[in-house]
Amino acid sequence: MQSHDMGSRIINRLKTAVDSTLIKNRRFLDDEQLIRSEQLEVLEEIFNANIRDAEINELSSHFSGLLRRDHPCHLAVWGKTGTGKTLTLSYFLNLLSQLCAAEQIPLWTVHLDLTNPGPCFRALNDLACLLDASKYYRRGISLEEIMQKIEARLADYRGYLVLFIDEVDNVRSDKENFMAFLIRRLPQRIPAKLILVLVSNHLDWPNRLDARVKSFLKVNELVFEPYDAMDLQRILRIRVEKALDPKLVVDGVIEKISAMASREHGDARKAVALLARSAYLAEKTRSKLTLDMVDQAALDLETDRYLTMIQTAPPQLQLTMGAIIEAKRKLKKKIVCSGDAYQDYCDMCRRFSIRALTNRVFGDLIAELDLYSLVRSRIVSRGRYGRTREIILDLPEDLVENIYQTIISKIQ
DNA sequence: TGTCCACAGGAAATACGGGGGT
DNA sequence: ACCCCCGTATTTCCTGTGGACA
């Protein structure tokens, strides 16, 4: 019977589809979607796999004084993004507070996250909010007032206060002020035993401090090395087991992803993102997760990165990028000079009736594009034909087209 | 050797917008 | 409603500068 045949074929296909679902629990591919307890579960496994063992040991000895009612000094933590600084520290501080609670030691830990850069004002403001010392102000209150609010809030607290400050050097203008407050002023004015945990991406960060502040800063240092390929393999393996069907992951995939990630950055978050992307690709084609898919996924991630970067960029930056693309097309050369690009930029502004910015800012905008590696630029002297900035656009042609369309449609 | 191009990029000034205090 | 304060964006002003060319 024809129809019966057809029916059983469909049923079979459905069955194999069910059998071969690669992704069992997609939430474990994306940290954002995990609830707190699941995050801790993942963390627990990571730390049980002896990753970041050395760092946790150092942390333990640094804070061991707490249990003897001593006052440990501050702690400066250094490591690149995605090396697990935040994770390890939150995990550790969480354990520490449990321990202190059991021992009846008053401990207050506050996690101030300065991941997105902001001025001194916002940093203090955020801190005040975390301490429950004031409401959130957008503007209009002096720095002094915020400091006083914080001090007032802490006037009666006599226990330990651990301020875990993530990405300290993201405090842009007036950083001196912020650091001086934390290091010099605050400890003198409040009764609490203050322990600062200052996390940063830059190793030379304490040297850029004002000398008078620096002399007050007594710190221990702790360095997080980037994960090596072996660490990443273990981290990925945990994810694979939680999120995917390991049988459907071709041998060598984990090794490949961790090798790629450790070669480039050693960033665990990016490695997991690559795993996730590959898994989605595999799921779409309903096949096993192969090595080729990892390559494809890496490419996709790259493309996405550029596109979201340009989409979320301020309009003037988009316009600058658009002008560079136009200039390159018009000149039919690989290299565009800043003067030509500025001409085209002004033209574009006229076309879309947007007020053009000065040459001065245009230069800065190009530097910014360079920073995001959307273009490469360098300063060249052409003798008596002056100096200029050569702008090279060497992204794949279809990506450039894609970016260009995005920009044009955004502006209109 | 000096000149001079066509910009780079630092510093200071100015404009702007939004919030608080009164 | 008014003024002042703060952070940010942009302009204005200015001082270099590497090397081709005369």
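Just so we're on the same page: letters track the sequence lines, and every chain starts at 1.
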Visitor: Describe, in one word, how the ring planes of A:Tyr345 and A:Phe362 are oriented to each other, choosing from parallel (under 30°), tilted (30 to 60°) and perpendicular (over 60°).
Guide: tilted
Visitor: Starting at atom CD of A:Glu390, determine the distance to atom C1' of B:dA6, rounded to an integer number of angstrom.
Guide: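 A:Glu390 atom CD is separated from B:dA6 atom C1' by 14 Å.
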Visitor: Report which part of the nucleic acid A:Gly363 touches: base, sugar-phosphate, or nothing (heavy-atom distance under 4.0 Å, all strands).
Guide: nothing
Visitor: Under 4.0 Å between a side-chain N or O of A:Ser338 and OP1 or OP2 of B:dA8?
Guide: yes
Visitor: In whole Å, what is the span from the CZ atom of A:Arg382 to the P atom of C:dG19?
Guide: 14 Å
Visitor: Using whole Å, report how far CD1 of A:Ile379 lies from P of C:dG19.
Guide: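 Answer to the nearest Å: 13 Å.
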Visitor: In whole Å, I'd like the distance from the CD1 atom of A:Ile366 to the P atom of B:dA8.
Guide: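 Roughly 7 Å, once rounded to whole Å.
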Visitor: Nearest to the A:Arg355 side chain among B:dC7, C:dG19, C:dT11, which nucleotide is it?
Guide: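 Closest nucleotide to the A:Arg355 side chain: C:dT11.
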Visitor: Rounded to whole Å, please give me the gap between CZ in A:Arg389 and P in C:dG16.
Guide: 20 Å
Visitor: CZ of A:Arg384 versus P of B:dC7: gap in Å, rounded?
Guide: 16 Å
Visitor: Establish, yes or no, whether a centroid distance under 6.0 Å links the rings of A:Phe92 and A:Phe63.
Guide: yes
Visitor: Please confirm whether the backbone N or O of A:Ile310 pairs with a side-chain atom of A:Gln318, one donor and one acceptor, at under 3.5 Å?
Guide: yes
Visitor: Give one of base, sugar-phosphate or nothing for A:Arg378, where a contact means two heavy atoms less than 4.0 Å apart.
Guide: nothing
Visitor: Could you tell me how far apart A:Gln316 (CD) and B:dC16 (P) are, to the nearest whole angstrom?
Guide: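 Atom-to-atom, A:Gln316 to B:dC16, this comes out as 15 Å.
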Visitor: On DNA chain B, check which nucleotide each of A:Ala367 and A:Tyr385 is closest to and give me the residue with the more 5' one.
Guide: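 Checking each residue's closest nucleotide, the 5'-ward one belongs to A:Tyr385.
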Visitor: Closest to the A:Val361 side chain: B:dG9, C:dT11, B:dC4?
Guide: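 Among B:dG9, C:dT11, B:dC4, the one nearest the side chain of A:Val361 is C:dT11.
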Visitor: Measure the distance from CG on A:Leu365 to C1' on C:dA9 and round it to the nearest whole Å.
Guide: 11 Å
Visitor: If you check the A:Ser381 side chain, which of C:dG18, C:dA22, C:dT12 turns out closest?
Guide: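 From the listed options, C:dG18 comes nearest.
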Visitor: Classify the angle between the aromatic ring planes of A:Tyr157 and A:Trp108 as parallel (below 30°), tilted (30 to 60°) or perpendicular (above 60°).
Guide: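 Correct class here is perpendicular.
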Visitor: With a 3.5 Å cut-off and heavy atoms only, can you find an N or O donor on one side and an acceptor on the other between the side chain of A:Arg360 and the base of B:dG10?
Guide: yes
Visitor: Can you measure from CD1 (A:Ile105) to OH (A:Tyr160) and round to the nearest 0.5 angstrom?
Guide: 6.5 Å
Visitor: Can you see if the side chain of A:Thr388 gets near the phosphate of B:dA6 - specifically, an N or O under 4.0 Å from OP1 or OP2?
Guide: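 No, outside the criterion.
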